[in-house]
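Only one structure is covered here, and it is reproduced in the block below.
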Amino acid sequence: MTMDRMLTLGTRGALAVVLVVVALVPVLCTTFFTSQVGLTSLWLGIVAVSLTFLSGYGGMVSLAQTALFGVAGLIAARLSVESGWDPWAAALAGILAATAVGLLFGAVASGSQGIYFLIITLAFAQVTYFYFAAVPTFGAHEGINGVRPPAVLGDPVQDPARMYWFLLVVSVLAFLGLRHVSRTAFGLALQGVRDDPVRMAALGYNVRLHRILGFTLAAPVAGAAGVLSAWSNTRMSAGSISLAIAILVLTTAVIGGLNRLEGAWVGALIYTLCDTYLRGWTDRFTTWLGVVFLVIVLVSPGGVVGLLGSAGSWLRHRLAGGAPPPAAPSTPAPPVPVSSGGAR
Amino acid sequence: MTGAATGPVLRVRGLTRRFGGVVAVGDVALDIAPGERRAVLGPNGAGKSTLFNLVAGADTPTAGSIELFGADVTRLGARQRTRMGLSRTFQTSRLLTGLTVEDNLYLAAIGVSGGRLRLLRTGRDRTAREQARRTAESVGMTDRLATLAGDLSHGEQRQLEIGLALVAEPRMLLLDEPAAGLSRSERQLLTALLLSLDRDVTLLLIEHDMDVALTVAERVTMMHDGVVIVEGTPTEIRADQRVHDLYLGKAHV
Ligand SMILES: Nc1ncnc2c1ncn2[C@@H]1O[C@H](COP(=O)(O)OP(=O)(O)OP(=O)(O)O)[C@@H](O)[C@H]1O
Ligand SMILES: [Mg+2]
C-alpha cells in the first residue's frame with residue numbers, strides 16, 4: 001500500500017500548501033481582498049463551525065448560533081466603545097456572556113429534537129434579534145459604531161494583515177479544539193447521543209446533560225466569531241444577527257458540509273467569494289445562492305468537502321489501478337457519518 | 001452488596017403496562033434469584049419486550065413495583081438502573097452507528113465506570129479501552145474494532161449488541177432475543193458464550209429459539225397476552241400442555 005501511503009502524504013502535503021497559501025493572503029493579495037474576502041470568510045467560518053459541530057457531532061441543527069454570536073459581539077462592542085473597557089477584557093466578557101446564554105438556550109432546547117429543536121432555536125434567534133434591535137444600550141437599530149480592535153491587531157480596514165492572521169490562528173484553534181473534543185469521552189458520547197439517545201440512556205448516560213453541555217461548548221466559539229466580526233467591521237448592530245444572517249450561517253455550513261469541521265470555512269469562503277464578486281453581475285444574487293444551496297444539498301449531503309472527499313477516493317482508486325469505488329466515499333473513518341443532521 | 005445476596009436480584013409485583021386499550025403486561029409477579037438463568041417465552045405480542053423495557057427503565061409502568069438488588073427502582077430512569085449493574089440488549093439492534101465498534105464498547109464501559117464528561121484523556125481511558133478490546137475478543141469481534149457499527153453485517157450487529165451489554169460487567173443481564181437472525185453456527189457460539197457467563201451474573205433471556213433458551217435456562221417463565229401462565233423447569237415446560245398449545249406447537253421442538 002505504498003501508493004496509498006504516498007497519496008495520504010500527498011493529501012497532507014496539499015493541506016500544508018493550502019494553509020501556507022491561506023496564510024500568505026495578506027502578502028499576495030490586495031488589501032481589499034484580505035479585508036473583504038479574507039476577514040469575512042474567517043469569522044463567518046468560525047460561527048459556522050459552531051453549527052457544524054453541533055449538527056455533525058450532536059445531531060442538533062441550531063439556528064441560534066448567530067444569537068450567541070450577537071450576544072458576544074454586541075456586549076464586547078458596547079463595553080469597549082461606551083464603557084472604555086480594554087478590547088481584550090471586553091471580548092472576554094462578551095464570550096463569557098455568550099457561553100452563559102448558550103447554557104440557558106441549551107437547557108431549554110435540549111428537551112427537543114429534530115424539527116422542534118430547529119424551531120426553538122429559531123425562536124431564540126428572533127428573541128435575541130428583537131432584544132438588541134430595541135434596547136438603546138446596544139444602539140438599537142443603529143448598533144454600535146467605531147469599535148476599536150486591540151492596537152496590536154492594527155487597523156482592519158487600512159492594514160488588515162495582522163487582524164487576518166489573528167483570525168486565522170483563532171480559526172485553526174477552533175478547528176483543533178473541536179476536533180479534540182470530538183475524540184474525548186465527552187465528544188464520543190455526544191456522537192452516541194446523536195446516533196441513538198435510547199441506547200445511550202441504556203448505557204448509563206444522561207442524554208439531556210450531554211446535549212446541554214454540547215450546546216454550551218459551542219457557544220464560546222460562536223461568541224468568539226461575534227467579537228471578531230465586530231472587530232473586523234469596526235461595528236455591529238442587531239442587523240448583524242437578523243434571521244437572514246442566521247439562515248446564511250446555516251447555508252454556509254451546509255454548502256461546506258456538515259460532516260466535516262473544515263467544511264465551515266470552505267462554505268464561508270465560497271459564500272464570501274460569491275457575495276463579493278457575483279453580486280455586481282446579477283441582481284438575482286440571493287436566488288442564485290439558493291440554487292447553489294439546493295444543488296449541493298441534492299448532489300452531496302456532505303457538502304463541498306464531501307464532494308472533494310468522494311473525488312479524492314475515486315482518484316485514489318484510479319491511481320491504485322482498482323475499479324472505481326462505490327458512490328459513497330470509503331475514506332477511512334470520517335469523524336461524522338453522512339446520516340447525521342437533525343434527522344431525528 | 002446489601003441484603004441482595006440472599007433476597008432476589010429482581011422482584012416484580014403487580015407490574016402492569018397498558019397501551020390505550022391493550023394490556024401489554026398485566027399484573028405480572030416475578031422473582032429472580034442471584035445467579036439464576038431464567039428464560040421468558042411466549043408468542044409474538046405476549047408482552048416480553050414490554051416487560052424488559054419496564055425492568056430496564058426504558059418504559060414506565062401503569063402500575064406495580066420493581067425492586068432491583070434489593071432497592072425499589074420503580075421511579076428510577078434507565079441510566080440509574082444501568083449504573084446499579086443492570087444491562088440489556090434490544091430486540092432490534094440499537095447501536096451507535098456512526099462510531100466504531102471499539103468506541104461503542106468504550107462508551108458502554110465508561111457509561112457505568114464513570115468519566116462520561118471527560119474532555120481530557122486519562123488513565124481511566126486506557127482501562128476502559130482495554131475493557132472494550134477484551135469484550136470484543138469474547139464476542140469474536142477483534143478484527144472489526146475499527147469498523148463503523150453501521151457498516152456491520154446483521155450477525156455482527158447482534159454480537160456487538162451483546163458486547164455492549166457485557167462490557168461493563170453487569171450483575172444482571174437482560175437479553176431480548178439475542179439469537180434472532182443468527183446463523184446456526186452463530187447460535188452455537190452464542191449458546192457457548194451464555195453458558196460461559198460468570199455465575200455472579202444473573203441472566204434473564206427472551207428467546208424464541210428453544211435450543212438456545214432451554215439449554216441455557218434453569219427456569220422458564222411462559223407469558224401470553226401480558227400475563228404469566230406457567231413457570232417451571234425446562235423439562236416441566238416441555239411437558240406442559242398449555243405451552244404446547246400456545247407456543248411449542250407452532251415453533252419447532
Ligand atoms: N409502544 C407501544 N405502543 C403501543 N402498543 C405497544 C407498544 N409496545 C408494545 N405494544 C403492544 O404490546 C403488546 C406486547 O408487545 P411486546 O413487544 O412486549 O411483545 P413481545 O412478547 O416482545 O413480542 P415479540 O415476540 O413479537 O417480540 C403487543 O400487542 C404490542 O402491539
Ligand atoms: Mg419482543
Side-chain angles (χ1 to χ4, degrees), chain A residues 55-59 176-214 216-218 220 258-260 301-302 326 328-341 343-344, chain B residues 52-53 56-59 77-90 92-122 124-125 128-129 145-151 160-161 164-165 167-168 170 174:
Chain A
S55 152
Y57 294 91
L176 294 177
L178 291 175
R179 199 183 56 162
H180 165 80
V181 167
S182 74
R183 294 168 177 181
T184 61
F186 172 79
L188 288 171
L190 191 63
Q191 295 166 70
V193 167
R194 167 202 68 199
D195 286 346
D196 192 337
V198 174
R199 161 56 82 183
M200 287 303 278
L203 292 182
Y205 288 81
N206 185 336
V207 167
R208 183 136 189 207
L209 181 66
H210 256 88
R211 283 216 182 92
I212 295 174
L213 293 180
T216 309
L217 206 72
L258 289 175
N259 298 336
R260 303 290 295 247
S330 54
T331 39
V336 185
V338 182
S339 66
S340 65
R344 54 186 84 254
Chain B
F52 266 33
N53 285 336
D59 194 5
R79 73 167 184 276
Q80 283 98 337
R81 298 186 202 188
T82 300
R83 291 184 202 167
M84 288 170 72
L86 176 87
S87 93
R88 59 94 51 101
T89 66
F90 293 88
T92 35
S93 298
R94 299 194 83 123
L95 303 172
L96 311 171
T97 49
L99 295 174
T100 62
V101 168
E102 179 175 335
D103 285 342
N104 269 264
L105 292 166
Y106 164 74
L107 285 178
I110 62 172
V112 173
S113 67
R116 291 170 290 270
L117 301 177
R118 263 180 305 115
L119 283 170
L120 293 171
R121 285 167 212 209
T122 65
R124 267 163 136 193
D125 241 18
R129 290 273 168 201
L145 278 169
T147 308
L148 291 183
D151 291 342
L160 180 55
E161 184 80 21
L164 290 182
V167 68
L174 310 183

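Each chain gets a letter, A, B and so on, in the order its sequence line appears, and its residues count up from 1.
- Looking at D196(A) and L96(B), their side chains come closer than 4.5 Å, going by heavy atoms from C-beta outward.
- The shortest side-chain heavy-atom distance between L117(B) and H210(A) falls under the 4.5 Å cut-off.
- Looking only at side-chain heavy atoms (C-beta outward), Y205(A) and L107(B) come within less than 4.5 Å of each other.
- Under the rule for a ring-ring contact (aromatic ring centres under 6.0 Å, His included), F90(B) has no partner lying at least two apart in sequence or in another chain.
- With chain B as the partner, the residue from N206(A), V181(A), V207(A) showing the most heavy-atom pairs under 4.5 Å is N206(A).
- One N or O on the side chain of R83(B) and one on the backbone of G204(A) form a donor-acceptor pair closer than 3.5 Å.
- Contacts of L188(A) with chain B are made by both backbone and side-chain atoms, with heavy-atom separations under 4.5 Å.
- At distances below 3.5 Å, not a single donor-acceptor pair connects side-chain atoms of R199(A) with backbone N or O atoms of L95(B).
- With a 4.5 angstrom heavy-atom cutoff, L209(A) touches chain B only via side-chain atoms.
- Nearest heavy atoms, A185(A) versus G115(B): CB-O, 3.5 Å.
- Residue A108(B) touches chain A through both its backbone and its side chain, counting heavy-atom pairs closer than 4.5 Å.
- With a threshold of 4.5 angstrom between heavy atoms, L86(B) does not approach chain A through any atom at all.
- A pairwise comparison of heavy atoms in T184(A) and L119(B) identifies CG2-O, 3.1 Å as the closest pair.
- Put simply, the side chain of L120(B) reaches to within 4.5 Å of the side chain of H180(A), judged on heavy atoms.
- Sorted by first and then second residue, the side-chain hydrogen bond (donor to acceptor under 3.5 Å, both in side chains) pairs with a member in residues 110-119 of chain B read R118(B)-T122(B), R118(B)-D125(B); sequence neighbours excluded.
- Each of V167(B), L164(B), V112(B) has some count of heavy-atom pairs under 4.5 Å with chain A, and the biggest count is that of L164(B).
- Rounded to the nearest 0.5 angstrom, L203(A) CG and R94(B) CZ are separated by 11.0 Å.
- Residue T97(B) holds its OG1 atom at 7.0 Å from CZ of R194(A), rounded to the nearest 0.5 Å.
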